[in-house]
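Please read these numbers as outputs of a predicted model, since none were measured by experiment. Both ligands and their constituent atoms are indexed starting at 1 by order of listing.
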Amino acid sequence: MAFGTYKEVVSARATDKAIQKVAQDGGIVSALLCYALEENIIEGAIVAGDTEDAWKPEPTIAMTPEEIIAAAGTKYTFSPNAIRLKEAVRQYGLEKIGTVGTPCQIMGLRKMQSYPFATRFVADKLALIIGIFCMENFPRDSLKTFVEGKMNSSLENVNKMDIGKGKFWITDPEKESGLALKETHGYEQAGCNICLDYVAELADVSAGSVGSPDGWSTVFTRTDNGADIFTAAVEAGVIETKPMDDVKPGLELLEKLANGKKDKGQKEIERRVNMGLPSPF
Ligand SMILES: Cc1cc2nc3c(=O)[nH]c(=O)nc-3n(C[C@H](O)[C@H](O)[C@H](O)COP(=O)(O)OP(=O)(O)OC[C@H]3O[C@@H](n4cnc5c(N)ncnc54)[C@H](O)[C@@H]3O)c2cc1C
Ligand code: SF4
């Protein structure tokens, strides 16, 4: 199954212009977290905040909509948001926490909830888990190497990064340029090569760009909790939706990419097992 278990899939975007301006795609992650915060469904959210070093995100406990919106946009490097979960519960005293993460990070959170070794009374405070689609991720030094070495820019100058249409795109004040993805292969973290989840199958709600037009997101509602929060946000006018069948390129492309990732990952797992290396699955 390419997409995992889900209730509904739609194309959607935030209606708030301030979110649209800074979001990576449809701003669904930021809009949902802000809505949940304002409705007291969550009391705070762990997001990938910016630091003084360009494109070096840091897991951040956001306590206001402004802090959530300040962390919008994709950083194509690691932001292990789960590392602040215990602090959010123990030091901040939060009883209801929202968070966002790549599929592997969501897997980690669900594992914490199912086998709470050292996370008892922590992982059950997660009230909204939003997953983002993910094909691969890069160590920050890798980003630096190909942005500076192959794209003739510097991380400090880049305003936005994006992957789409077979290229890694950067926008800096002077230009937008794309690097063919075959040039970035080998720079991804090695663990991504055995990853079998593209669309964050274990999240409450997952969102990504593939399948929907620019400025919109493809969104899966998965759990009862996720579907309830998403539906309430749509009814409140915070998010607008379109049926997937009405948008291009639609689910066919997403399915192709999700299955491609699973096949490739499975082959790499088999190759490693045949070499006598351990497999986590
Ligand atoms: C490494 C990576 C690879 C991706 N690959 C794909 C892909 O192949 N196809 C696809 O459709 N989508 C991919 N995405 C997801 C996509 O780029 C957007 O994050 C997603 O569409 C949500 O957009 P939005 O406008 O709803 O979110 P926004 O409102 O812009 O919010 C994004 C949220 O994600 C958080 N965030 C940003 N970077 C990270 C990070 N590295 N780790 C954890 N949280 C983070 C931010 O703090 C923010 O809360 C990828 C994302 C990442 C981080
Ligand atoms: S490809 Fe998989 S392992 Fe790599 S960051 Fe994305 S979800 Fe995590």
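Of all the heavy atoms of Q105, the ones lying under 4.0 Å from any atom of ligand 1 belong exclusively to the side chain. Looking at Q189 against ligand 2, only its side chain comes within 4.0 Å, counting heavy atoms. The side chain of I132, and not its backbone, has at least one atom closer than 4.0 Å to an atom of ligand 1 (non-hydrogen atoms only; side chain from C-beta on). The residue F138 has no part lying near ligand 1, judged by heavy-atom distances below 4.0 Å. Contact annotation for M107 and ligand 2: no heavy atom of the residue comes within less than 4.0 Å of the ligand.
Between R110 and D204 there is a salt bridge, with a side-chain nitrogen of the basic residue lying less than 4.0 Å from a carboxylate oxygen of the acidic one. Taking a cutoff of 4.0 Å between a charged side-chain nitrogen and a carboxylate oxygen, R272 and E268 qualify as a salt bridge. A salt bridge is defined here as a Lys NZ or Arg NE, NH1 or NH2 lying under 4.0 Å from an Asp or Glu carboxylate O, and R13 with D25 fails to meet this definition.
The distance from ligand 2 to the heavy atoms of P103 drops below 4.0 Å at these ligand atoms: 7 (S). Of all the atoms in ligand 1, the ones that sit under 4.0 Å from a non-hydrogen atom of S30 are 28 (P), 29 (O), 31 (O). Residue contact check: G26 has heavy atoms under 4.0 Å from atoms 25 (O) of ligand 1. For ligand 1, the atoms closer than 4.0 angstrom to any heavy atom of G73 are 28 (P), 30 (O), 31 (O), 32 (C), 37 (C), 38 (N), 46 (C). Of all the atoms in ligand 2, the ones that sit under 4.0 Å from a non-hydrogen atom of N137 are 5 (S). Against a heavy-atom cut-off of under 4.0 Å, T77 is close to the following atoms of ligand 1: 40 (C), 41 (N). The distance from ligand 1 to the heavy atoms of V100 drops below 4.0 Å at these ligand atoms: 34 (O), 35 (C), 49 (O). Every atom of ligand 1 is numbered from 1 in the order shown, and the set under 4.0 Å from a heavy atom of N81 is 43 (C), 44 (N). Close contacts between ligand 1 and N137 involve ligand atoms 1 (C) [criterion: under 4.0 Å to a heavy atom]. Near A71, with a cut-off below 4.0 Å to any heavy atom, the atoms of ligand 1 are 46 (C), 47 (O), 48 (C). Remark: ligand 2 atoms within the under-4.0 Å shell around heavy atoms of E136 are 1 (S).
In this structure, K242 satisfies the cation-pi test against W216, with its NZ or CZ atom closer than 6.0 Å to the six-membered ring centre and inside 45 degrees of the ring normal.
The nearest heavy-atom contact from the protein to atom 2 (Fe) of ligand 2 is C195 SG, 2.3 Å. Among all non-hydrogen protein atoms, the one lying nearest atom 1 (S) of ligand 2 is K261 NZ, 3.3 Å. Closest to atom 8 (Fe) of ligand 2 among all protein heavy atoms lies C104 SG, 2.3 Å.
At least one N or O atom of S209, backbone or side chain, sits closer than 3.5 Å to an N or O atom of ligand 1. Residue contacts with ligand 1: A48 is placed with a nitrogen or oxygen under 3.5 Å of a nitrogen or oxygen of the ligand (distance criterion only). Considering backbone and side-chain atoms alike, V47 places every N or O at 3.5 Å or more from each N or O of ligand 1.
Taking 2.8 Å as the threshold, C134 counts as a candidate ligand of atom 6 (Fe) of ligand 2, since one of its N, O or S atoms lies below it. Here C192 does not reach atom 8 (Fe) of ligand 2: none of its N/O/S atoms is less than 2.8 Å from the metal.
Not less than 6.0 angstrom separates the ring centroid of F138 from the ring centroid of Y76.
With a 6.0 Å radius and a threshold of 12 heavy atoms from other residues, nucleotides or ligands, N274 has its CG atom above the threshold. Heavy atoms from other residues, nucleotides or ligands lying under 6.0 Å from NZ of K267 number 12 at most. Heavy atoms from other residues, nucleotides or ligands lying under 6.0 Å from NZ of K256 number 12 at most.
In this structure, M135 counts as a contact residue of ligand 2, since one of its heavy atoms falls inside 4.0 Å of the ligand.
The aromatic rings of Y115 and F117 sit parallel, their planes meeting at an angle under 30°, below the 60° perpendicular limit. Ring geometry for F220 versus F3: interplanar angle of 30 to 60°, hence tilted.
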